[in-house]
Novice: 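What follows is a single structure, and I will ask about it in a moment.
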Amino acid sequence: MLTIKNLQADVEEKNILKGLSLDVKPGEIHAIMGPNGSGKSTLGYVLSGREGYQVSGGSAELNGENILELEADERAKKGLFLAFQYPVEIPGVSNMEFLKASVDATREYQGKEALDTVSFMKLAREKCKAVNLDPSFLKRGVNEGFSGGEKKRNEIMQMMLLEPSLCILDETDSGLDIDALQVVADGVNACRDENRSFIIVTHYQRLLDYIVPDKVHVLSDGKIIKSGDKSLALELEEKGYSWIEKE
Amino acid sequence: MISSSTTDKGFLNDSKLCEHSAQLSNANWINDLQQKAAEKYLQQNLPTRKTEHWKYNDVSFFKANDYLSAEQLAVDESLIEKLTLEVNFSQLIVLVNGRLAENASKINNDSVIITPFESADAAQKEYIGSQLSDSSQNKNLFLDLNNAIYSDGLLIDIPANDTVDAPIYILQLSTETESSAISGSQILVRCGKNSNSQVIEHFASLTKKPLNDSHDSSQQFSQFHFALQQTVIDIEANALCTHTRLNLEKPSARQVSRVLNRLERDSKLESFYFSRGSSLNKTDIDVWHEGTNSHSELTGIYLPSNKDTIDYHTCIEHRVPHCTSREVFRGIIADESKATFNGKIHIFKDAQKSDAQLSNKNLLLTNQAEINTKPELEIYADDVVCAHGATIAKIDEKAIYYLQTRGINELNARKMLSIGFINELLVNIKNEALMSAVARQLEFSLSDLNS
């Protein structure tokens with residue numbers, strides 16, 4: 001699914017990722033944990049193609065294809081999805097209009113038949129319900145005036161609509177109360193299948209109680225310094241990061 | 001397609017302008033008014049870049065002595081059908097270079113009465129005379145020139161207590177000309193007591209070549225009549241007037257114009273302005289709250305591109321107590337174009353309990369685009385609520401990235417954000433057909449901007 005080899009990336013000429021390697025197989029869930037400033041969010045931005053995030057070495061292949069040269073929208077259309085830690089508010093563009101444009105562009109690229117407006121609305125309302133968002137949110141500006149939890153649920157709703165093959169969740173759990181966390185986790189679990197993989201970036205072990213990862217990695221100073229199974233997350237919760245960094 | 005019927009040429013230099021103005025009409029009372037306006041015009045100097053009101057406009061092209069007044073032209077009806085927006089109207093008034101094109105107009109005088117100044121009766125003459133003298137201003141000499149040279153002044157009378165379901169559509173065309181020619185236009189709208197009416201003013205350019213819908217730059221070098229124009233909307237007690245004014249001319253068109261709105265007791269004005277700019281496109285908008293408890297709403301969208309300019313000078317005068325005004329203008333400025341927005345709120349000494357709000361937001365699409373925005377408050381009463389603000393921003397690159405990560409390509413993302421910036425103002429057009437027509441114009445202009 002996703003193969004990252006020795007990835008190095010700079011932001012404003014500062015080296016952030018310093019040789020990161022990761023292999024995510026279809027259907028797997030990988031959790032990435034790590035202290036502040038270790039490069040967790042940068043990984044999501046680099047993979048999704050944000051401007052200003054310069055790749056200085058290494059490779060990243062999605063389904064066997066190098067994605068690092070592609071525009072952000074092309075990567076998305078090839079099945080990469082990034083759920084933002086801080087989703088952007090876009091006043092004036094309605095959520096519905098945005099989602100329709102997004103789904104239309106993706107389906108067209110993937111050679112799928114376009115959805116007519118009625119079927120799309122039906123689908124969008126269904127997905128809203130699945131993440132416990134009132135359908136009236138579809139009429140509002142994209143994320144405009146949404147609470148933190150509503151924004152995150154809106155991200156998961158988009159993920160469900162776009163049916164990506166690789167989902168990167170960037171601290172989707174931060175700032176969520178327990179109920180919202182449950183909704184997000186249910187959303188992710190509902191999307192799980194053998195052909196869809198997840199990278200879950202988080203600070204806390206709590207989310208991993210709901211979404212059980214196949215692998216847990218510790219990212220520190222731009223590199224993965226330790227990998228293990230879900231028990232590693234519990235160990236981190238107990239002992240913090242410093243013991244690994246010392247190893 | 002276009003045929004010339006009559007001609008009346010007159011040079012606009014010092015000695016001849018008064019003479020010209022004094023014999024434009026068959027009616028002496030009009031000639032007298034025009035001659036006075038000519039005298040006032042001649043007392044003023046042409047503005048330079050140092051003249052505050054003209055600071056951001058270049059009128060150096062104007063050499064009074066070179067100008068001819070407009071010829072009367074007949075236009076094809078089928079052409080008019082293509083040009084008008086898809087909106088039902090109750091009456092259609094077509095003016096070509098300020099001259100009434102009767103064959104192309106559809107004037108029925110069923111309830112709303114349209115009267116050329118020349119056929120005004122005694123009461124109407126008195127009304128026209130007083131409106132024109134009241135509306136006189138001292139900052140824009142081209143409006144004085146307009147008052148001196150217009151040929152077919154029109155009085156549109158909406159009878160008291162009348163509700164006009166479909167809009168009165170006024171289409172004003174400027175034609176291409178080989179010489180430097182100027183046209184004047186004078187429209188008075190009287191909204192009678194308790195009446196409810198809609199007025200659409202649509203300005204367009206007429207090329208000699210077959211009609212081409214695009215606002216492209218290949219037409220850049222054609223020359224159109226220099227269009228001067230004034231519309232006065234006088235809203236009597238408890239009346240509502242919905243006014244839409246669309247400037248959809250070609251890039252090389254030039255227009256200097258003014259809209260004066262006078263609001264009497266308990267009356268309401270809802271107006272919407274849209275312009276995509278041209279080499280000179282200047283509109284002064286005055287709103288005079290003259291009767292208590294009157295309410296005005298001004299909405300405006302401007303979308304200049306290439307090297308076009310747009311200038312809106314608005315002035316809301318709260319002359320009496322208990323009036324409310326709401327003004328929102330937004331612009332998207334592309335390429336090397338330039339926009340000027342000056343929004344003044346003037347609260348007179350006795351106008352207590354005035355409530356005025358003004359907002360102007362601008363989106364600059366390039367580093368070469370220019371916006372000059374200036375909100376101005378002059379408040380002489382002490383118990384008022386006044387809010388004003390202006391912002392200038394660029395497209396949010398974070399939002400572009402966000403849309404891209406959802407599969408929307410950069411070009412479409414930019415277009416979505418541009419439309420999103422002004423979209424919410426469109427709901428202020430309550431006539432649905434008109435709203436869709438304006439939305440189409442918007443999309444059309446924006447697809448130009450982003451390509």
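For clarity, every value in this text was computed on a predicted model and none was experimentally measured. Here is how names work: the chains are called A, B, and so on, in the same order as the sequence lines, proteins then strands, and each is numbered from 1. Any value given below was found using the heavy atoms of this structure, including those in side chains, with hydrogens, waters and symmetry copies removed.
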Novice: Quick check: F84(A) with Y401(B) (ring centres under 6.0 Å apart)?
Specialist: yes

Novice: With a 4.5 Å heavy-atom cut-off, do V142(A) and L403(B) have their side chains touching?
Specialist: no

Novice: Whether the side chain of S48(A) engages the backbone of T405(B) through a donor-acceptor N/O pair (distance < 3.5 Å, no angle test) should be reported.
Specialist: no

Novice: Going through the distances and angles, do Y86(A) and Y402(B) end up as a side-chain contact (heavy atoms from CB on, under 4.5 Å)?
Specialist: CA-CA 10 Å; Y86(A) 303 108; Y402(B) 185 70; over 6 Å; no

Novice: What part of R50(A) gets within 4.5 angstrom of chain B, counting heavy atoms only: side chain, backbone, both, or neither?
Specialist: both

Novice: Give a yes or no on whether a salt bridge exists between E89(A) and K398(B), defined as a side-chain N under 4.0 angstrom from a carboxylate O.
Specialist: no

Novice: Would you mind checking which part of F98(A) comes under 4.5 Å of any heavy atom in chain B, side chain (CB onward), backbone (N, CA, C, O), both or neither?
Specialist: both

Novice: Considering residues, nucleotides and ligands other than E376(B), do more than 12 of their heavy atoms fall under 6.0 Å from its CD?
Specialist: yes

Novice: Under a 4.5 Å heavy-atom cutoff, which of V103(A), T106(A), L80(A), V93(A) has the most pairs with chain B?
Specialist: V93(A)

Novice: Count the heavy atoms belonging to other residues, nucleotides or ligands that lie under 6.0 Å from NZ of K361(B), then report whether that count exceeds 12.
Specialist: no

Novice: So what's closer than 4.5 Å to chain A heavy atoms on N423(B): side chain, backbone, both or neither?
Specialist: side chain

Novice: Using heavy-atom distances under 4.5 Å, tell me whether L82(A) contacts chain B through its side chain, its backbone, both, or neither.
Specialist: both

Novice: Using a cut-off of under 4.5 Å on heavy-atom pairs, state which of G141(A), A105(A), A101(A), P164(A) scores highest against chain B.
Specialist: A101(A)

Novice: Any chance you could measure Q158(A), atom CD, to R406(B), atom CZ, to the nearest 0.5 Å?
Specialist: 4.5 Å

Novice: Are more than 12 heavy atoms from other residues, nucleotides or ligands located less than 6.0 Å from atom CD of E51(A)?
Specialist: no

Novice: Verify side-chain contact (heavy atoms from CB on, under 4.5 Å) between D73(A) and N409(B), making sure each step is shown before the conclusion.
Specialist: CA-CA 5 Å; D73(A) 60 291; N409(B) 70 34; 3.3 Å; yes

Novice: Which bit of N412(B) is near chain A, if near means a heavy-atom gap under 4.5 Å: side chain, backbone, both or neither?
Specialist: neither

Novice: Please check if the number of heavy atoms outside N88(B) that lie under 6.0 Å from its CG is greater than 12.
Specialist: no

Novice: For atom CD of E108(A), is the number of surrounding heavy atoms from other residues, nucleotides or ligands below 6.0 Å larger than 12?
Specialist: no

Novice: Chain A: which of E424(B), M416(B), E410(B) shares the most heavy-atom pairs with it under 4.5 Å?
Specialist: M416(B)

